[in-house]
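Please read the structure below before turning to the comments.
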Amino acid sequence: MSCFSGLTGAPKRATGTQDRGSGRQRLYDNITETVGNTPCVKINEKMCPAGRTIYAKLEYFNPCSSVKDRLACAIIEAAEKEGKLKPGDTVVEATSGNTGIAVSMLCAQRGYKCVICMAEPFSVERRKLMRFMGAKVIITPKAGKGTGMVAKAKELAQKHGWFLCSQFENEANAAFHKLTTGPEILADFEGQRLDYFVLGYGTGGTFAGAGAAIKAERPDVKIVLGEPEAAPLLKSGTKSERNADGSAIGSHPAFAAHPIQGWTPDFIPQIVEKGLEAVGYDEYIGIPGAGSIETSQMLAKTQGIFTGISGGASMWAAIEIAKKAPEGSVILAMIADTGERYLSTPLFESILADMNEAELEISKSTPSFQL
């Protein structure tokens, strides 16, 4: 059934399964053209407080399963337009994983060599995914934190003349979200109520870019910015000291290790700082690591939504906002990535590979093929 009705008038919004089988009504020249246009999905009553509505914008619908696919397109496409990248060049970047996976995808499709620097604590799945797509992955010591991997990437770029993405400072990052993520949300909620936009920050591109687009068209929407309780960098009020290029000089004094991979490095990115000045936020929320993990697990078990720890963090914050929001409020949470790249992290620590007692009992309920 088509999602359009009649020959005249405005297009009808599809509901339910009406647009199944309609396709995307276009063909794609390459994988990077599929980035964006991710869906907003309603959370049911098993997690959403009564009298409120929560939606999740599922960024794992991007081709490499995270919001960072947008960032990679932004930076690589901008560099190409500016003449900073030519065929055969090498791209280097520091990342907790999702950006590196996305940059690896872009480089594979465009024919660039790719080198990724990643701090030791981040999950091994990320390393394997990047190497699977042809990237070289340089692991930096745990003690160096995020600033260490950034310094290593900068050092390699200077030594070898490689193109450094500079995701934490590159203005193309936020600009792409202002051009795509924000307008997508506005289009999906056109004529619909939307009261809160809830998200954390990694580079700050989504916050600064999508936040600016949403506020420009719907200033009544409240931006709720979250960060780990264990690492309250913004809450501290202390700014990161910067080099001339905008990168942080060292580790922020309020930083402590936290399990929300991809969020809140050990410095405040310049993009976040610019977003705070230009857009700001209406509410702040600190998010517990344990609550993030538990919420991610609940999303899988009650919604069929498979996301990582940061996705759980965003939804934890959205639920807390919903509990105190006026009745009828509508909340949108950004879900940054998929859960599969967390198999070796605390997110899956309680998930067994072998059968548990209940599963063994089911197996033994019939006589054949028992282990």
Side-chain angles (χ1 to χ4, degrees), residues 38-62 65-68 96 98 181 184-185 188-189 192-202 204 206-207 210-211 214 221-232 258-264 281-326 328-342 345-351:
T38 57
C40 294
V41 176
K42 189 176 180 181
I43 302 300
N44 69 30
E45 70 283 353
K46 292 178 182 177
M47 292 186 72
C48 183
R52 285 79 181 161
T53 304
I54 298 175
Y55 287 91
K57 186 164 176 62
L58 303 180
E59 287 295 295
Y60 62 71
F61 275 76
N62 282 307
S65 304
S66 90
V67 67
K68 299 302 185 182
S96 63
N98 282 331
T181 316
E184 288 171 27
I185 292 168
D188 287 350
F189 282 90
Q192 309 292 313
R193 182 169 178 174
L194 179 61
D195 300 287
Y196 299 88
F197 178 44
V198 181
L199 73 168
Y201 68 89
T206 310
F207 157 63
I214 292 168
V221 176
K222 294 180 174 65
I223 295 177
V224 180
L225 191 59
E227 63 182 357
E229 274 186 349
H258 62 84
I260 309 175
Q261 294 190 25
W263 272 24
T264 312
Y281 58 84
D282 299 284
E283 294 193 35
Y284 169 93
I285 188 164
I287 304 167
S292 304
I293 291 169
E294 182 182 356
T295 305
S296 174
Q297 293 169 343
M298 287 295 292
L299 281 168
K301 293 173 181 176
T302 70
Q303 312 294 317
I305 290 175
F306 188 43
T307 185
I309 301 172
S310 67
S314 289
M315 188 53 62
W316 187 93
I319 292 169
E320 291 303 305
I321 289 296
K323 289 176 182 177
K324 64 179 184 179
S329 292
V330 178
I331 300 106
L332 174 65
M334 286 294 293
I335 303 299
D337 68 1
T338 182
E340 274 184 310
R341 51 201 57 165
Y342 295 84
T345 75
L347 184 61
F348 280 82
E349 201 168 49
S350 63
I351 308 300

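Keep in mind it's a predicted model, so treat the numbers as computed, not measured. We're numbering straight along the sequence, starting at 1.
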Quiz item: Does anything in residues 44-56 pair up under salt bridge (charged side-chain N to carboxylate O under 4.0 Å, His left out), and if so which pairs, sequence neighbours excluded?
Solution: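 Residue pairs with at least one partner in residues 44-56: there are none.
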
Could you report the tightest heavy-atom contact between [X] and [Y], atom names first, then the distance?
| X | Y | result |
| --- | --- | --- |
| Trp316 | Gly291 | CD1-O, 3.7 Å |
| Ile305 | Leu58 | CG2-CD2, 3.9 Å |
| Ala317 | Val198 | CB-CG1, 3.7 Å |
| Gly262 | Ser96 | CA-OG, 3.4 Å |
| Ile331 | Ala322 | CD1-CB, 3.7 Å |
| Gly211 | Phe197 | N-CE2, 4.4 Å |

Is the shortest heavy-atom distance from the side chain of [X] to the side chain of [Y] under 4.5 Å?
| X | Y | value |
| --- | --- | --- |
| Leu299 | Ile43 | yes |
| Ile309 | Trp263 | no |
| His258 | Ser292 | no |
| Ser65 | Phe306 | no |

Quiz prompt | Atom CD of Gln192: over 12 foreign heavy atoms under 6.0 Å | solution =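 Yes.
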
Quiz item: For Glu320, what residues pass the salt bridge (Lys or Arg N to Asp or Glu O under 4.0 Å) criterion, not counting sequence neighbours?
Solution: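 Expected list: Lys323.
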
Quiz item: With sequence neighbours left out, what residues match Glu227 under salt bridge (Lys or Arg N to Asp or Glu O under 4.0 Å)?
Solution: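 Checked Glu227 against salt bridge (Lys or Arg N to Asp or Glu O under 4.0 Å); zero matches.
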
Practice problem: To the nearest 0.5 angstrom, please state how far the OG1 atom of Thr345 sits from the CD atom of Gln261. | Solution: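 Thr345 atom OG1 to Gln261 atom CD measures 6.0 Å (nearest 0.5 Å).
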
Exercise. Hey, could you give me the CG/CD1 distance between Leu332 and Ile214, rounded to the nearest 0.5 Å?
Key: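 One gets 7.0 Å once the value is rounded to the nearest 0.5 Å.
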
Quiz item: Who are the side-chain hydrogen bond (donor to acceptor under 3.5 Å, both in side chains) partners of Thr38, not counting sequence neighbours?
Solution: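 Testing Thr38 for side-chain hydrogen bond (donor to acceptor under 3.5 Å, both in side chains), a comparison that skips the adjacent residues, returns Lys57, Glu59, Arg70.
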
Self-check item: Under the side-chain hydrogen bond (donor to acceptor under 3.5 Å, both in side chains) test, residues paired with Asp195 that sit two or more places apart
Solution: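 By the side-chain hydrogen bond (donor to acceptor under 3.5 Å, both in side chains) rule, Asp195 matches Arg193.
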
Quiz item: For Phe189, what residues pass the ring-ring contact (aromatic ring centres under 6.0 Å, His included) criterion, not counting sequence neighbours?
Solution: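 Tyr55.
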
Self-check item: Tyr60: ring-ring contact (aromatic ring centres under 6.0 Å, His included) partners, not counting sequence neighbours
Solution: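 For Tyr60, no residue satisfies ring-ring contact (aromatic ring centres under 6.0 Å, His included) once neighbours in sequence are set aside.
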
Under 3.5 Å, sequence neighbours excluded: what are the donor-acceptor pairs made by side chains of residues 335-342?
residue	atom	partner	partner atom	Å
Asp337	OD1	Gly308	N	3.4
Asp337	OD2	Asn98	ND2	2.8
Asp337	OD2	Tyr342	OH	2.6
Arg341	NH1	Cys64	O	3.2
Arg341	NH1	Asn98	OD1	2.7
Arg341	NH2	Cys64	O	3.0
Tyr342	OH	Arg126	NH2	3.2

Quiz prompt | Contacts of Ala325 that satisfy side chain to side chain contact (heavy atoms under 4.5 Å, CB included) - sequence neighbours left out | solution =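 Ala325: side chain to side chain contact (heavy atoms under 4.5 Å, CB included) contacts with Tyr196, Ser329.
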
Quiz item: Under the side chain to side chain donor-acceptor pair (under 3.5 Å) rule, what pairs show up with a residue in residues 301-313, not counting sequence neighbours?
Solution: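 Only Asn44-Gln303 qualify under side chain to side chain donor-acceptor pair (under 3.5 Å).
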
